[in-house]
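Since we're looking at a predicted model, the values are computed, not measured.
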There are 2 protein chains.
Amino acid sequence: MSDQTPPRSSYHHGDLRAQLIDAVRDLVETHGPDGFSVAEAARRAGVSSAAPYKHFRDRPALLRAVASEGMDRLRSAMEAARASHPPGSIAAIAAIGQAYVDFARSGPGVFRLVFGLTEGHEEDPHLEEKGFGCFAVVLQAVAAVLGKSLDDPMVQSRAYTLWTCVHGHSFLIIDRKTKGKFEMADEWGFLMQVTASIIGAE
Amino acid sequence: MSDQTPPRSSYHHGDLRAQLIDAVRDLVETHGPDGFSVAEAARRAGVSSAAPYKHFRDRPALLRAVASEGMDRLRSAMEAARASHPPGSIAAIAAIGQAYVDFARSGPGVFRLVFGLTEGHEEDPHLEEKGFGCFAVVLQAVAAVLGKSLDDPMVQSRAYTLWTCVHGHSFLIIDRKTKGKFEMADEWGFLMQVTASIIGAE
DNA sequence: CTTGCAAAGTAAGCACCGCTAACTTAAGTA
DNA sequence: TACTTAAGTTAGCGGTGCTTACTTTGCAAG
């Protein structure tokens with residue numbers, strides 16, 4: 001919608017790779033991860049349908065690039081959220097969760113792409129590591145609250161449980177499973193309460 | 001793999017609709033929800049590529065039928081799990097969760113289809129209702145434990161929180177996000193603990 | 001028993017897609 | 001300035017979703 005074929009002057013595009021990623025992110029958001037086509041992305045970048053294959057091996061590779069970029073944004077958001085609250089506080093953890101949910105809500109397509117084991121994810125350990133990097137943010141915050149080390153089993157367990165809740169909540173929201181019957185009035189309150197009840201459990 | 005074009009004698013197939021759904025479930029499981037093609041499903045049923053459109057309006061409709069059938073199986077499994085434990089017990093709730101996770105693990109493709117807002121889900125309130133029907137199973141179990149009515153806000157809130165955990169856990173498993181770093185040793189113990197800590201929270 | 005109709009199959013074909021191959025343009029370096 | 005090579009191009013193959021027009025068949029009314 002925004003940059004529909006700005007007819008370039010030079011034969012070489014110059015910034016195709018980045019522009020393709022932008023276009024794909026847009027398409028994934030509007031048509032879903034499987035509704036996107038590399039041909040359409042090429043069209044948006046004002047380039048022939050074969051051009052993308054000079055920059056990406058195949059369709060999954062292009063999607064993986066978008067997912068990777070999404071992971072980076074997610075991690076940044078989580079870290080920023082944590083930093084905006086006192087270290088070692090419950091609120092810091094809840095804020096990470098809020099950032100996670102906000103990320104999902106503001107870009108369901110990319111969120112589904114990031115977590116979702118789409119085609120050909122296997123051969124990308126890079127992406128997997130970034131995922132663990134995100135989890136590490138939660139892990140650190142939980143360790144700080146409990147006053148234990150990162151690899152303490154209790155820290156791992158509590159952090160994982162929290163992750164499942166936030167992850168599940170995010171999916172239920174973007175998949176509209178709560179529509180009508182279950183509108184969340186005070187999401188921050190929900191996150192705080194869940195965090196407290198899971199962290200404080202024995 | 002199982003029924004590859006059993007060359008039928010009669011012109012009319014006789015059982016195409018059901019056989020298509022079977023084929024699609026298989027394909028979704030092996031190639032993912034977006035990797036499936038109605039042409040391939042038709043091939044498996046030993047029928048021309050146009051035949052499916054006599055039974056389903058379009059591709060999404062076919063997928064929706066598979067999702068709907070999956071919902072039914074999920075609900076049955078959840079109800080059976082609940083029935084196999086004393087009413088009003090924590091274990092009954094955990095068992096529902098276990099059934100949910102097992103369903104996801106035994107059929108990730110269909111699970112992703114059932115929860116996942118694939119193309120054209122909107123125009124199917126039928127499916128939506130079935131989803132709430134599944135949630136109702138959890139709701140009843142939670143109400144039984146807390147000794148309150150179904151529409152009590154606390155029941156709703158606790159049930160939803162439990163749902164987010166189990167839902168998130170399921171997704172993290174089938175998306176392999178726990179691989180290596182986070183193998184769950186005792187899943188039943190995990191579910192029991194989570195249930196207890198969420199149900200017992202103030 | 002025949003007839004006629006609607007349901008359920010077919011083949012042919014359009015537009016689009018992913019991807020490849022062979023070619024062309026242009027930018028940078030020896 | 002000549003060569004190499006990255007980054008574009010067009011053309012085209014096979015597969016896909018879906019439609020159209022046609023054919024076969026089961027069934028129900030007369």
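The distance from atom CG of A:Asp34 to atom C1' of C:dC17 is 14 Å, rounded to the nearest whole Å. Atom CZ in B:Phe56 sits about 15 Å away from atom C1' in C:dA7, given to the nearest Å. In this structure, CZ of B:Arg17 is placed 14 Å from C1' of C:dA7, rounded to the nearest angstrom. Across the protein-nucleic acid pair, A:Lys54 atom NZ and C:dT20 atom C1' stand 10 Å apart, rounded to whole Å.
Residues satisfying the salt bridge (charged side-chain N to carboxylate O under 4.0 Å, His left out) test with A:Lys177, not counting sequence neighbours, are none. For the side-chain contact (heavy atoms from CB on, under 4.5 Å) test, residues two or more places apart in sequence or in another chain that qualify with B:Phe56 are B:Arg17, B:Leu20, B:Ile21, B:Ala61, B:Leu62, B:Ala65. Here B:Ala81 pairs with B:Ala95, B:Ala99 under the side-chain contact (heavy atoms from CB on, under 4.5 Å) rule; sequence neighbours left out. With sequence neighbours excluded, the residues that form a side-chain contact (heavy atoms from CB on, under 4.5 Å) with B:Gln98 are B:Asp102, B:Arg105, B:Glu187, B:Trp188, B:Leu191. In terms of the side-chain contact (heavy atoms from CB on, under 4.5 Å) criterion, residue partners of B:Lys148 (sequence neighbours excluded) are, by chain and number, B:Leu146, B:Asp152, B:Met154, B:Val155.
Contact check, A:His55 against D:dG8: a side-chain N or O comes under 4.0 Å of OP1 or OP2.
The existence of a salt bridge linking A:Asp22 and A:Arg25 is confirmed by a sub-4.0 Å separation between a basic side-chain nitrogen and an acidic carboxylate oxygen.
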When you compare the protein's N or O atoms with those of nucleotides 14-17 of chain D, which come within less than 3.5 Å of each other, and at what distance?
unit_1, atom_1, unit_2, atom_2, d
D:dT16, OP2, B:Arg43, NH2, 2.9
D:dG17, OP1, B:Val38, N, 3.1
D:dG17, OP2, B:Val38, N, 3.2
D:dG17, OP2, B:Ala39, N, 3.1

